[in-house]
Every structure is written in structure tokens, then in C-alpha cells.
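None of these values were measured; they are calculated from a predicted model.
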Amino acid sequence: MKINKKSPLPIYYQIQEMIRGKLESGEWPPGYMLPSERIFAEEFDVSRMTVRQAVTELVSEQLLTREKGKGTFVAEPKIEQMLQGLTSFTEDMKARGMKASSELQLFQMEEADVATARLLQLKGGSVYRMERLRLADNKPMALENSYLHAEMFPGLGEEAASGSIYKRLEQDYGITIGSADQSLEASLASEREAELLGIVPGAPVLLISRTTYTADGEPFEHVISSYRGDRYKFRIHMPR
């Protein structure tokens with residue numbers, strides 16, 4: 001790698017673009033550990049501060065990630081999901097050629113709180129609460145809390161958490177899933193979310209709330225999910 005110190009382009013920017021080129025070409029794949037600042041500085045005959053500025057720019061773009069005490073690594077690419085159509089996490093990952101899995105954190109029947117009861121149109125009824133850590137290719141992506149209308153799904157057990165809950169409900173209970181109302185907002189990871197997702201407390205997460213309805217318009221599920229902000233993004237096509 002070479003830089004041109006006579007170029008009008010700042011030296012840090014030249015280094016930044018050289019690194020970017022290696023990322024885009026695949027020469028440095030996700031998980032690759034970059035040379036240290038000292039090695040970069042010696043190779044380019046520049047100060048470590050200049051190297052640090054170049055790397056920091058790419059960290060801010062989430063192309064690189066720093067791990068304290070370890071070094072700087074090429075970041076994993078974000079998973080992109082189109083905001084159209086109603087699919088499960090398992091279906092989304094399968095469509096991307098990734099293996100979806102879950103780690104069940106909690107499964108219990110409980111009385112619905114006021115907000116959940118209103119969303120599911122319950123009158124003092126119970127819900128199944130299911131908390132799952134959702135993984136793609138064994139890497140944590142989201143922490144998901146689902147609240148299911150207990151009267152609609154008698155006898156629902158923990159085995160339902162092992163795969164696509166939508167597929168299980170359609171096959172075992174004969175419902176037809178029709179639509180959902182979903183909202184997205186920015187949030188910060190709690191200590192528990194951070195521990196399970198492998199991020200630091202206060203790291204950005206995408207907070208998604210969804211209420212799902214049968215084809216007859218009956219609400220049967222409310223889900224609150226926290227997605228890793230560094231691994232997930234949503235896209236929407238907006239025709240005029």
C-alpha cells in the first residue's frame with residue numbers, strides 16, 4: 001500500500017480509502033484483525049494519530065469495530081430487511097441463506113398487563129410470555145419478548161419456541177395469519193439486553209413493537225424485540 005504525500009487529499013483519507021478498498025474487495029473479510037496503529041504508521045511513515053483518524057472514520061461508519069484489549073476488526077455486514085410483507089425471523093434468515101436458531105430464556109403463562117390486554121383485546125385473560133434470544137448463524141441478533149393469546153392456543157408448550165412460531169401456530173391451531181401493525185424506534189440496550197446480545201450497555205438497538213392479527217382481524221400476538229443496531233437495518237421502497 002502506498003500513499004501520495006504530495007496529493008491534495010489528506011493523508012488520513014488516503015489511508016481510509018485504501019482500507020475501504022480491501023474491505024470491498026474481500027481481501028479483508030469480516031472478522032479479520034487489522035494491523036496495529038504502530039505497524040500502519042511505520043508502513044506509511046506517518047504518525048499514529050493520522051492512522052487513528054483514518055480508522056476512527058471507518059469505525060463510525062460501522063465498517064470496522066474496536067474490541068478493547070484485542071484490536072480492530074472488520075465488522076460483520078448488517079442484515080437488511082425490507083419493511084414489506086409479514087414474515088418470521090426464521091423465514092427472514094432462511095431467505096438470506098442463514099441458519100436461524102433461538103435460545104429460550106423464559107416461557108410461562110401470566111396475567112396480561114393493561115397495555116398487552118388492550119392490544120390483544122383481552123378482558124382479564126392470560127398470555128403466554130416467551131422470551132427468546134434470536135441468532136443467525138449462531139450469532140445473537142435480537143432479544144424477543146412475545147405475548148400470545150392463551151385462550152386461542154391451549155396447551156402451547158416450550159417446544160413452540162424451537163423454530164418459527166408462526167409456522168407452528170398455523171399448523172397446530174389452524175389459524176391463518178393476516179396482517180400486523182409494527183413500529184420502530186431507536187433505543188439503548190439495557191444491561192441485560194447487552195449481556196445477551198454481546199454488546200455494551202447503552203449501545204444502540206432498534207426497538208420493534210408488533211401486534212399480529214389473524215386473517216379475520218383478531219389479534220393473537222404482541223411482540224417487543226430489541227435488534228442489534230450494529231447488525232441490522234431496515235429498508236423500505238416508497239413509490240410516489
Salt bridge present between E76 and R228 (N-O < 4.0 angstrom)
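So E76 does not pair with R228 through a salt bridge.
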Going by an N to O cut-off under 4.0 Å, is there a salt bridge joining R20 and E17?
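Yes, R20 and E17 are salt-bridged.
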Can you see which heavy atom on [X] is nearest to which on [Y], and at what distance?
X	Y	answer
R48	A41	CG-CB, 3.8 Å
E193	S190	OE1-N, 2.9 Å
W28	P35	CH2-CD, 4.1 Å
L122	A112	CD1-CB, 3.8 Å
P30	A75	CB-O, 3.9 Å
P29	E27	CD-O, 3.3 Å

Decide if atom [atom1] of [X] counts as having more than 12 heavy atoms of other residues, nucleotides or ligands within a radius under 6.0 Å.
X	atom1	answer
Y13	OH	no
E159	CD	yes
M109	CE	yes
E195	CD	no
E151	CD	no
D113	CG	yes
K70	NZ	no

Is the backbone N or O of R129 less than 3.5 Å from a side-chain atom of E131, with the two atoms forming a donor-acceptor pair by type?
no
Note, V46 side chain near I15 side chain (heavy atom, < 4.5 Å)
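Yes, at least one pair of side-chain atoms sits under 4.5 Å.
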Less than 4.5 Å apart, any side-chain heavy atom of L169 and any of I177?
no
Is there a side-chain contact (heavy atoms from CB on, under 4.5 Å) between M130 and I165 once you walk through the steps?
CA-CA 10 Å; M130 180 168 58; I165 187 67; 4.0 Å; yes
Sorted by chain and residue number, the side-chain hydrogen bond (donor to acceptor under 3.5 Å, both in side chains) partners of K99 (sequence neighbours excluded) come out as none
Under the rule for side-chain hydrogen bond (donor to acceptor under 3.5 Å, both in side chains), what residues qualify as partners of E57, not counting sequence neighbours?
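Here no residue qualifies.
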Residues in ring pair (Phe, Tyr, Trp, His ring centres under 6.0 Å) with [X], at least two apart?
X	answer
F73	none
Y173	F153
Y213	none
Y12	none

Result of checking T211, T214, T212 against E221 for side chain to side chain donor-acceptor pair (under 3.5 Å)
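Filter result, single survivor: T212.
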Can you get from [X] to [Y] by hopping between Ile, Leu, Val, Met, Phe, Trp and Tyr side chains that sit under 4.5 Å apart?
X	Y	answer
V51	V74	yes
F107	L133	no
L119	V223	no
Y227	L184	yes
L34	I11	yes

Could you walk me through whether V205 and I199 pass the side-chain contact (heavy atoms from CB on, under 4.5 Å) test, one step at a time?
CA-CA 10 Å; V205 293; I199 55 180; 4.0 Å; yes
Trace of the side-chain hydrogen bond (donor to acceptor under 3.5 Å, both in side chains) decision for R66 with T56:
CA-CA 9 Å; R66 288 192 175 107; T56 298; 2.9 Å; yes
Measuring from [X]:[atom1] to [Y]:[atom2], what's the distance to the nearest 0.5 Å?
X	Y	atom1	atom2	result
L120	Y147	CG	OH	10.5 Å
H222	S209	NE2	OG	5.0 Å
S47	E37	OG	CD	9.5 Å
K139	R231	NZ	CZ	6.0 Å
I175	M152	CD1	CE	5.5 Å
R168	L156	CZ	CG	8.0 Å

Between I19 and F40, is a side-chain contact (heavy atoms from CB on, under 4.5 Å) present by the stated rule, with each step listed?
CA-CA 11 Å; I19 296 174; F40 268 134; 4.1 Å; yes
